[in-house]
Enquirer: 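Before I ask anything, here is the structure I am working with.
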Amino acid sequence: MKKRKGKSAIHCVLQILSIGAVICLTTLNLAASEKIKTKDVLFDYDKSEIVLTEKEELDKLVSLFNSKNYKSINLKGHTDGDGSFDYNNHLSARRVNAVRNYLLKKGIAKDRIVIENLGEYKPIASNLNDDGKRINRRVEIELLKEGGIIDAFQVEYSDYLIDPNRDTILKMGTEGTQLHIRAYSFVDDNKVKVTEPVNLKFREYRNSADVAFSQIPMTFHENEREHNFNSSGMFEIRGEVNGEPINIAEGKSIIVDYKLAKKNPNTDFFKMDDVNKNWVRIADIPEMNLVEEEISFNEIMDLELEVWEKKKVRGKVEWKKKQGRDNGDRVEATLLGGQDKGHQYPDIVSGLNVSSFGVYNCDQIYRIKQKIKIRAKYVDGNGNPIQSLGILSMIDLDYNGAFSFDPNNFVCAAEGDNVLLLTTKKNKLYLFDRYGFEKNGINESGEYTFQMRDVTDEIKSTKDLALYLGLDI
């Protein structure tokens, strides 16, 4: 049986949260796919068995799923605020698995069901009365429609639920990137301090395949001149509470120690303006590596905490662990941007200052040599014109980046190691490889017809594309 236990301030805030009634049908347009939220499956107090009336609703859901050719079903289990946090996490897991097992018996394939148990973290009504608790005892169900060809090439976010009332270090995957977050760093749109659990969303664009259809511009304008980006690594960071976006508070920031994707010299740090899609240069990375800071954070969420101390020894930078298990590893590196070939660039650039959510880029800028302008037509392997043109992405394999164009006109380097990727509005993907430019003598401006290879069935994601092009992943 569930028993009430004392709770911290943050969870008391969650208990008194009152957002309103259950939404029976909501449609959200997202970058990667379209999500349809259906009526929640409700449960009796401290129970995980599905009642008869809810089974009838699930049967209707199965019919809808099969008739509309949906891609997958997302299940999210929840509880009311009674009981301990551990107990409620287990209870929400039992509820979400009960719904999952019911759908499996109705013929929904196992690999098309995604489950998540959230315990009492995301109530949609007050937990101070029985009516609110009844609505919170639920499994939310989302149907995902199949996205288009562009959607399939969007890099997915990694999600991290953090307590905003405590200092936090987050390790991002296995690359070595860390986020250092001070307590009370977030506010809502009304500039009110956020105290509820924050969903921090993070994703990286580490190679040209990740960038290809991201619709992130890879050009930078300065002094009335256009430059191209050769990315050393790009990342995006967002925050939300209960699905609503939040902001980083004025005077606060997230400090990012970033594992570079490429070690390009003369790299600067940029942020993209979300509104007009222009890049703003924030700082010179070598200068940031000169900053001497000692940052101490508390470990949460059972993460293994490693804090490194930076010291200059005989003109070089040494990193040594201050906390955590010392495995003897040391990193020695001079500052990024040095022209001495005897110097070694660092794998991790420390102290990147993120004062607002958005897209950030560690980039070397360059200008295209021998730029040529192409007017293009496209045919398939049989010589037939390709119809319903969508977006053209041009990748020069000599650099780390990709550039999107209207398919009819684009620019590239005459001597570049160029690859063309063409999408259509009928969800087809075509490719013109690096050897085609040389074979067809495409080295000056003009009108050309490109015979494209249909790769729709063999390249379905950024990873597939990276492997096809021989890129580091």
Side-chain angles (χ1 to χ4, degrees), residues 153-155 175 177 202-237 256 258-289 336-337 339 345-349 352-354 356-374 391-406 410-421 434 462 465-466 469 471-473:
F153 284 85
Q154 301 307 307
V155 178
E175 294 293 341
T177 294
F202 185 86
R203 61 179 170 183
E204 294 185 74
Y205 305 86
R206 299 191 65 82
N207 57 46
S208 298
D210 289 342
V211 180
F213 296 115
S214 67
Q215 302 182 49
I216 295 175
M218 294 298 286
T219 54
F220 172 65
H221 296 84
E222 187 176 56
N223 299 326
E224 299 183 355
R225 302 183 73 181
E226 182 179 89
H227 304 268
N228 287 13
F229 275 155
N230 180 27
S231 182
S232 298
M234 182 163 57
F235 61 87
E236 181 174 2
I237 182 169
V256 180
Y258 187 59
K259 173 67 179 293
L260 295 174
K262 302 286 183 182
K263 298 180 183 179
N264 298 316
N266 302 317
T267 296
D268 295 327
F269 192 44
F270 299 82
K271 182 183 187 300
M272 188 176 73
D273 186 321
D274 279 344
V275 176
N276 57 34
K277 304 300 181 183
N278 290 334
W279 290 98
V280 178
R281 192 198 304 263
I282 298 176
D284 177 68
I285 284 182
E287 292 177 359
M288 283 190 288
N289 270 280
L336 189 65
Q339 298 301 309
Y345 297 146
D347 288 324
I348 296 179
V349 176
L352 300 179
N353 193 307
V354 172
S356 60
F357 289 124
V359 182
Y360 290 83
N361 210 339
C362 299
D363 258 300
Q364 176 195 61
I365 62 173
Y366 71 97
R367 288 180 61 81
I368 297 178
K369 297 178 180 178
Q370 296 180 291
K371 180 189 291 186
I372 59 175
K373 298 180 179 180
I374 304 295
I391 294 176
L392 178 73
S393 183
M394 195 281 294
I395 295 173
D396 184 344
L397 294 173
D398 291 333
Y399 300 95
N400 190 26
F403 306 90
S404 295
F405 296 94
D406 180 294
F410 67 92
V411 297
C412 63
E415 302 298 327
D417 198 359
N418 301 317
V419 174
L420 300 181
L421 294 158
R434 63 178 79 175
T462 58
L465 179 57
L469 298 176
L471 304 175
D472 294 332
I473 56 175

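Only a predicted model underlies this, so the values are computations on that prediction, with no experimental measurement involved. All residue numbers refer to positions in the sequence shown, counting from 1.
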Enquirer: What is the distance from atom CZ of F220 to atom CZ of F270, rounded to the nearest 0.5 Å?
Expert: 5.0 Å
Enquirer: State, to 0.1 Å, how close A402 and A212 come at their nearest heavy-atom pair, and which atoms those are.
Expert: CB-CA, 3.6 Å
Enquirer: Please check this pair: side chain of N223 against backbone of R225, looking for a donor-acceptor N/O pair closer than 3.5 Å.
Expert: no
Enquirer: A413 and D396: which non-hydrogen atoms are nearest, and at how many Å?
Expert: CB-OD2, 4.2 Å
Enquirer: How long is the gap from CE on M272 to CD on E236, to the nearest 0.5 Å?
Expert: 7.0 Å
Enquirer: Among residues at least two apart in sequence or on other chains, which ones pass side-chain hydrogen bond (donor to acceptor under 3.5 Å, both in side chains) with E222?
Expert: R281
Enquirer: Is a side-chain donor or acceptor of D268 paired with a backbone partner of D284 at a separation under 3.5 angstrom?
Expert: no
Enquirer: If the condition is side-chain contact (heavy atoms from CB on, under 4.5 Å), which residues does A261 pass it with, not counting sequence neighbours?
Expert: R206
Enquirer: Does the T177 side chain pair with the main chain of K259, one donor and one acceptor, at a distance under 3.5 Å?
Expert: yes
Enquirer: Supply the atom-to-atom distance F229 CZ to N264 CG, rounded to the nearest 0.5 angstrom.
Expert: 12.0 Å
Enquirer: Rounded at 0.5 Å granularity, tell me how far CD1 in I374 sits from CE in M394.
Expert: 10.0 Å
Enquirer: Between V411 and K373, which heavy-atom pair has the shortest distance, and what is it?
Expert: CG1-CG, 3.8 Å
Enquirer: For D417, what residues pass the salt bridge (Lys or Arg N to Asp or Glu O under 4.0 Å) criterion, not counting sequence neighbours?
Expert: R434
Enquirer: Start with the C-alpha gap between D347 and K263, add the side-chain angles, then the distance that decides, and say whether side chain to side chain contact (heavy atoms under 4.5 Å, CB included) holds.
Expert: CA-CA 7 Å; D347 288 324; K263 298 180 183 179; 2.7 Å; yes
Enquirer: Quick one: does V354's side chain get under 4.5 Å of Y258's, heavy atoms only?
Expert: no
Enquirer: Using side chain to side chain contact (heavy atoms under 4.5 Å, CB included), reason through K262 and D472 one step at a time and then give a plain yes or no.
Expert: CA-CA 10 Å; K262 302 286 183 182; D472 294 332; 3.3 Å; yes
Enquirer: Looking at residues at least two apart in the chain, or sitting in another chain, which of them share a side-chain hydrogen bond (donor to acceptor under 3.5 Å, both in side chains) with S393?
Expert: none
Enquirer: Can you name the side-chain hydrogen bond (donor to acceptor under 3.5 Å, both in side chains) partners of D273, sequence neighbours left out?
Expert: N276
Enquirer: Taking all atoms of both residues into account, what is the closest heavy-atom pair of G401 and I395, and its distance?
Expert: O-CG2, 3.8 Å
Enquirer: Working to the nearest 0.5 angstrom, can you tell me the gap between I282 CD1 and L352 CG?
Expert: 9.0 Å
Enquirer: Please step through side chain to side chain contact (heavy atoms under 4.5 Å, CB included) for the pair I216 and W279, ending with a clear verdict.
Expert: CA-CA 10 Å; I216 295 175; W279 290 98; 3.6 Å; yes
Enquirer: Look up atom CG in L421 and atom CZ in F213, then write down how far apart they are to the nearest 0.5 Å.
Expert: 4.5 Å
Enquirer: For residues 356-368, tabulate all N or O donor-acceptor pairs below 3.5 Å that involve a side-chain atom, not counting sequence neighbours.
Expert:
from : atom 1 : to   : atom 2 : distance (Å)
Y360 : OH     : S356 : O      : 2.5
N361 : OD1    : S231 : OG     : 3.2
N361 : ND2    : D363 : OD2    : 2.3
D363 : OD1    : N230 : N      : 3.4
D363 : OD1    : S231 : N      : 2.9
Q364 : OE1    : N230 : ND2    : 2.9
Q364 : NE2    : P265 : O      : 3.2
R367 : NH1    : E226 : O      : 2.8

Enquirer: Strictly below 4.0 Å, N to O, side chains only: are R203 and D210 in salt-bridge contact?
Expert: no
Enquirer: Does a side-chain heavy-atom distance below 4.5 Å link V349 with F269?
Expert: no
Enquirer: Report yes if some heavy atom in the side chain of L471 is under 4.5 Å from a heavy atom in the side chain of S208; otherwise report no.
Expert: yes
